[in-house]
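Structure first, commentary second.
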Amino acid sequence: LTHSSVVKMAQNVLIAPLSVAVTTFAVRKPLFLYRQSLLNDPRSSITSVTVPTMTDNTSLLWARFPKFVLGFIISAIFFNTLVPDTDRTNCKNFAFTIAEWYSTCSFVS
């Protein structure tokens with residue numbers, strides 16, 4: 001394997017956990033800052049702020065999660081387990097040809 005293929009495989013492996021981590025951080029950090037601003041504001045009469053439960057965070061994470069990822073995983077499992085090897089090869093060759101044509105057209109136009 002070349003270095004570029006190892007880097008690409010590492011990116012593919014890490015993209016899902018990192019996207020979940022970034023989404024979780026993006027959800028929790030503004031809530032934390034908002035809670036701190038309410039508690040530290042001298043004009044506010046608020047003495048305590050309700051912290052969202054894990055269910056709230058999970059539902060927000062699910063709402064922001066790109067659902068096409070699930071479709072991609074399901075289609076990959078389907079394609080690799082139920083489609084015969086010869087059909088997969090034919091499909092791969094066809095997709096490669098189409099991709100080459102689109103690539104060529106993008107440089108010509």
(message) Which residues end up grouped with Val7 if you chain together Ile, Leu, Val, Met, Phe, Trp and Tyr wherever their side-chain heavy atoms are less than 4.5 Å apart?
(response) none

(request) Could you list who else is in Phe72's hydrophobic cluster, with ILVMFWY side chains joined at under 4.5 Å, directly or through other members? (result) none

(request) Keeping to residues at least two apart or across chains, list the salt bridge (Lys or Arg N to Asp or Glu O under 4.0 Å) pairs with something in residues 81-99. (result) Asp85-Arg88

(request) Report yes or no: does Ser103 contribute a side-chain atom to a donor-acceptor pair with the main-chain N or O of Ala99 at less than 3.5 Å? (result) no

(message) Which residues pass the side-chain contact (heavy atoms from CB on, under 4.5 Å) test with Ile74, not counting sequence neighbours?
(response) none

(request) Begin from the C-alpha positions of Phe94 and Asn90 and carry the test side chain to side chain contact (heavy atoms under 4.5 Å, CB included) through to its verdict. (result) CA-CA 6 Å; Phe94 176 74; Asn90 292 337; over 6 Å; no

(request) Nearest 0.5 Å please: distance from the CG atom of Leu18 over to the CD1 atom of Ile15. (result) 8.5 Å

(request) Quick one: list whatever passes side-chain contact (heavy atoms from CB on, under 4.5 Å) with Ile73, sequence neighbours left out. (result) Val69, Ile77

(request) Apply side-chain contact (heavy atoms from CB on, under 4.5 Å) to Phe78 and list each qualifying residue two or more places apart in sequence or on a separate chain. (result) Leu82, Val83

(message) As an exercise, state the distance from OG1 of Thr97 to CH2 of Trp101, rounded to the nearest 0.5 Å.
(response) 10.0 Å

